[in-house]
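Beneath this line is the structure, given in structure tokens, with notes to follow.
Residue numbers start at 1 and run along the sequence shown.
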Amino acid sequence: MTRLSESVYRLVLAEPSWGVRELVAHLHTDEATVRACLDELADLALLRPSWDEPGSLRPVSPQVGLAVLVAQAEADIAERQHRMEQARAAMLAVAAEHDTHRDHRALTVLRGLDEVRGRLEELAESAVREVCSLTPGPAHREDTHSAGRSASLRPLERGVPMRGLYLDSFRNDPATIDYLRWMTDHGGQVRTVPTLPMMMIIVDQQTALVPLDPDQSRLGAVEVTAPGVVAALHALFEQMWAAGTPFGQRAVPVDGLTGQERELIQILAEGATDETAARRLGVSLRTVRRMMAHLMERLDAQSRFQAGVLAAAQGWPGPR
């Protein structure tokens, strides 16, 4: 949508009784230009035929107009979001069981990093089928990588398959790249995705560790053994694994958008702040703003509102 078309749209919202003549006079332009803008707004479903005055157009509210444009994009991602919500709901159900002390066998609370790492060492020794992990958040420190090597080496030496999902942003961190290369050199499999919901480790599809607080992993973790919950978490892992890019390969842009750009559009479309987007993507606030400025430039948009209209009209965001 052009900047002039946006101005026309704002005017017809503010002055719905105005016709072409009033718009031409207010904008100091010609009739053909105004009619071209009205045609563009009609194509974007921001203007619709009037019921009261046949042959004329009425403005559609921004909420309704944008809803029409993004309906198809939302339908494409609705199923994936539904499955993720089911996994989150299953995790909340386990937490509720803990609060009411109805099933102590289904979970164990591990307080602090020492307990968590000690339990991870035990699980690494007992693993026989597979170890799966999600690692979101910012790139880790070198001491964390050293602990990761220690916990991963024993299963890898015994030939236990290990699969790890990391953020795309980790590809820009030398220490993390070195650790991921070590993992793959020892037989592990690594893929990256734009965002991850939380830290998680699943051992032999029987035991899962998730943080007590996703935003403060140092507080400790919950060890879950309830079969239904572990199965749901493992299904979430498999879904994200299928969408990941193998380490060492470059992600192929879809419709000219990288995975991070598609996720950024979706995150901001949800009404999240730049700060939230930076945290979920594992990048700096400056990087998020640079990415947003780049997207607005590609769309030739002068404002975020205009960028939202144009992105929706082009099918952004689409399937991830």
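Looking at T184 and Q189, their side chains never come closer than 4.5 Å, going by heavy atoms from C-beta outward. Between L212 and V222 there is a side-chain heavy-atom pair separated by less than 4.5 Å. The shortest distance between side-chain heavy atoms of L156 and M162 falls below 4.5 Å. Taking 4.5 Å as the limit, some side-chain heavy atom of T135 sits within range of a side-chain heavy atom of F170. You'll find the side chain of R191 stays beyond 4.5 Å of the side chain of T245, heavy atoms only. Using a 4.5 Å heavy-atom cutoff, the side chains of I201 and C132 are not in contact. Looking at heavy atoms from C-beta onward, P136 lies out of side-chain contact with M200 at the 4.5 angstrom threshold. For the pair W18 and L11, the minimum side-chain heavy-atom distance is below 4.5 Å.
Residues passing the side chain to side chain contact (heavy atoms under 4.5 Å, CB included) test with S126 are L123, sequence neighbours excluded.
Using cut-offs of 30° and 60° for the angle between ring planes, the F237 and W241 rings count as parallel.
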Kindly determine whether E275 and R289 satisfy salt bridge (Lys or Arg N to Asp or Glu O under 4.0 Å), including the steps that lead there.
CA-CA 10 Å; E275 289 78 4; R289 290 174 175 167; 3.8 Å; yes
R163 vs M183, test: side-chain contact (heavy atoms from CB on, under 4.5 Å). Steps then yes/no.
CA-CA 9 Å; R163 293 186 291 161; M183 278 279 294; over 6 Å; no
For a side-chain contact (heavy atoms from CB on, under 4.5 Å) check, start with the C-alpha distance between L165 and L196, then their side-chain angles and the critical distance, and finish with the verdict.
CA-CA 8 Å; L165 275 168; L196 289 168; 4.2 Å; yes
Could you give the side-chain donor-acceptor pairs of residues 20-32 under 3.5 Å, partners two or more places apart or in another chain?
from : atom 1 : to  : atom 2 : distance (Å)
E22  : OE1    : G19 : N      : 2.8
D30  : OD1    : A32 : N      : 3.2
D30  : OD1    : T33 : N      : 2.8
D30  : OD1    : T33 : OG1    : 3.0
D30  : OD2    : T33 : OG1    : 3.0
E31  : OE2    : R35 : NE     : 2.8
E31  : OE2    : R35 : NH2    : 3.2

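Here the closest heavy-atom approach between residue A208 and residue L233 is recorded as CB-CD1, 3.9 Å. Across P211 and P214, no two heavy atoms sit closer than the pair CG-CA, 3.8 Å. The two residues G244 and V193 have their closest heavy-atom pair at CA-CG1, 3.5 Å.
There is no path of hydrophobic side-chain contacts, each under 4.5 Å, that joins M199 to L219. Under a hydrophobic clustering in which Ile, Leu, Val, Met, Phe, Trp and Tyr are joined whenever their side-chain heavy atoms come within less than 4.5 Å, directly or via other members, M291 and L285 fall into different clusters. The hydrophobic clustering, which links ILVMFWY residues whose side-chain heavy atoms are closer than 4.5 Å, places V128 and L209 apart.
Put simply, the side chain of H186 gets close to the backbone of W182: a donor and an acceptor are under 3.5 Å apart. A donor-acceptor contact shorter than 3.5 Å links the side chain of R158 to the backbone of A127.
Between the CZ atom in R129 and the CD1 atom in I202 there is a gap of 11.5 Å [rounded to 0.5 Å]. For the atom pair E130 CD and D204 CG, the distance stands at 8.5 Å (nearest 0.5 Å). Note that CZ of R117 is 13.5 Å distant from CG of L110, once rounded to the nearest 0.5 Å. Summarising the geometry, atom CG belonging to D43 is positioned 11.0 Å from atom CG belonging to L38; distances are rounded to the nearest 0.5 Å. The CG atom of D213 lies 13.5 Å from the CZ atom of R218; values are rounded to the nearest 0.5 Å. Between D274 atom CG and R279 atom CZ the span is 12.0 Å, to the nearest 0.5 Å.
Applying the 6.0 Å contact sphere to CD of E297 captures no more than 12 heavy atoms from other residues, nucleotides or ligands.
Comment: R3 does not engage E6 in a salt bridge, judged by the lack of any side-chain N to carboxylate O separation of less than 4.0 angstrom. The residues E15 and R10 are annotated as not salt-bridged, no charged nitrogen and carboxylate oxygen being separated by less than 4.0 angstrom.
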